[in-house]
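In each ligand, atom 1 is the first atom listed, and ligand 1 is the first ligand listed. Quick note: residue numbers are just sequence positions, from 1.
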Amino acid sequence: MKKQTRREFLKRLGYMTGSAATLSVLPCCSSGQTAGKKRPNIIFIMTDDHASHAMSCYGSKINKTPNLDRIANKGMLFNNSFCTNSICAPCRAVILTGKYSHINGVIDNRKKFDGSQQTFPKLLQKAGYQTAMIGKWHLKTDPTGFDYWNVLPGQGTYYNPAMKEMGQRKQYTGYTTDILTDHALKWLKERTGEKPFCLMFHHKAPHRSWEPGPKYLNKYDDVTMPEPDNLFDDYSNRGRAAKEQDMSIEKTMNDRDLKLAAPRNLTPEQKKLWDAAYGPKNKAFKRANLQGKDLVRWKYQRYIKDYLRCIASVDENVGRVLDYLNESGLAKDTVVFYTSDQGFYLGDHGWFDKRFMYEESLRMPLLVRYPKEVKPGSVSDEIVMNLDFGATFLDFAGVPVPDDIQGESLRKILQGKTPGNWRTSMYYHYYEYPAVHSVKRHYGIRTKRYKLIHFYNDIDEWELYDLKKDPKEMKNVFGDPAYAKIIKELKVELQALREKYKDDTGSPV
Ligand SMILES: [Ca+2]
């Protein structure tokens with residue numbers, strides 16, 4: 001590679017001394033925040049496994065999310081928001097620390113989060129913010145950096161959840177999405193003092209096994225959902241990683257996923273409603289004795305409807321919080337974030353679950369509303385990551401972003417003033433293998449047009465997708481000589497990103 005080109009790459013990645021990217025670690029200066037100004041409140045709503053193609057503001061063909069759309073209509077929608085490691089606990093650790101998995105230590109769901117390390121809630125707390133964490137935590141160790149916390153142990157349950165409130169376990173009766181919202185509203189209403197607040201309000205839904213609330217058990221009964229074009233993908237033109245996964249609707253789903261078995265922890269009243277909803281449908285299914293593609297089609301319908309029923313509860317409950325912000329007058333001074341810890345396959349490629357660097361699970365929905373700085377109905381196509389959230393919250397709070405945080409504040413983008421040197425590619429690394437769902441370890445780079453992936457353990461295979469010609473990633477063009485030059489450039493940039501983020505794990509590029 002020519003020296004000139006290398007230098008240009010490094011400059012773009014913020015390596016060269018004095019570059020704008022280096023200066024951007026001082027967002028309190030760069031974004032015009034001055035001491036003495038009223039600092040905004042922050043409500044960071046996150047769901048679990050909510051794909052953006054199941055939100056009407058992102059053009060969903062299968063459901064409506066009127067309350068989530070309210071955030072988009074009054075704020076900014078991000079079209080290219082990506083996670084750095086598409087799985088629950090790692091994503092959360094990346095958000096808390098603003099650092100990649102290999103640095104914060106939670107490379108997969110099996111690792112425990114070291115709560116003694118620096119996190120954005122701790123920095124906000126130190127700067128005089130009141131901090132709270134309510135809902136799904138999933139990091140194995142107790143939350144740190146919060147004045148108040150009340151979390152679901154582990155994955156939590158959809159019905160009648162146990163919760164751990166400041167270390168004390170308590171049991172609740174009802175539907176978890178409603179109960180978590182009750183707790184969030186209670187905390188907001190009972191808050192005292194003049195401090196600004198940061199509330200992390202994180203739902204369990206719509207995570208597997210997609211158990212709908214009592215109110216929505218029969219929603220969508222009278223409709224047939226459109227199927228994705230690649231529901232019956234045979235993975236031709238791709239490598240072993242896609243062929244050898246274990247996350248297909250056809251082969252991987254179990255009776256609890258498909259509601260052929262009821263959840264075990266329902267009260268008699270809940271069980272009655274559940275059986276009234278699923279009993280007749282399951283009887284009809286058994287009578288039909290479906291086989292082959294017809295059986296896959298039935299499973300898809302059962303899965304997607306339950307998934308969307310869970311989202312209906314999320315949407316309704318997000319509406320309750322937005323209503324409260326309006327009624328209380330807090331809305332004008334509060335930054336509202338909505339995202340999910342990563343995307344999800346909604347039958348795309350015949351799959352559910354996440355993990356792969358392919359589009360459906362790499363993407364995170366991201367909506368941000370803040371009337372004082374964000375233009376209603378605005379849209380950004382910039383490449384942003386969960387790595388950036390912590391820096392963004394600190395920037396809004398006027399807290400200097402420490403040098404060791406690897407993300408960049410999104411505040412300028414939200415203000416409609418994207419920095420000229422904003423990133424043009426992102427780096428991804430997934431580690432949980434061998435493990436459930438059998439998705440092999442891989443890292444890669446995504447630009448606006450291309451995605452280069454290296455599955456480096458168990459197999460040594462590269463994949464390249466031309467997202468302009470092949471947005472659904474059905475054809476790996478890594479072996480196509482027409483892309484040789486692009487591959488060479490992407491590999492250089494990939495290596496530069498690995499160096500920038502100090503990742504020497506996995507095999508070398
Ligand atoms: Ca998740």
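Residues that satisfy the salt bridge (charged side-chain N to carboxylate O under 4.0 Å, His left out) test with R302, not counting sequence neighbours, are absent from this structure.
A donor atom on one side chain and an acceptor atom on the other are found under 3.5 Å apart for H454 and D460. D348 and N230 share no side-chain donor-acceptor pair at under 3.5 Å.
Ionic pairing of R498 and D504 is not present here: no N-O contact between side-chain nitrogen and carboxylate oxygen is shorter than 4.0 angstrom.
Taking the six-membered ring for Trp and the full ring otherwise, Y443 and Y456 have centroids separated by under 6.0 Å.
Shown are the protein N/O/S atoms under 3.0 Å from the Ca ion (ligand 1), given by residue and atom: D48 OD1, D49 OD1, C88 SG, D341 OD1, D341 OD2, Q342 NE2.
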- Verify side chain to side chain donor-acceptor pair (under 3.5 Å) between E493 and Y450, making sure each step is shown before the conclusion. CA-CA 12 Å; E493 194 164 346; Y450 298 105; over 6 Å; no

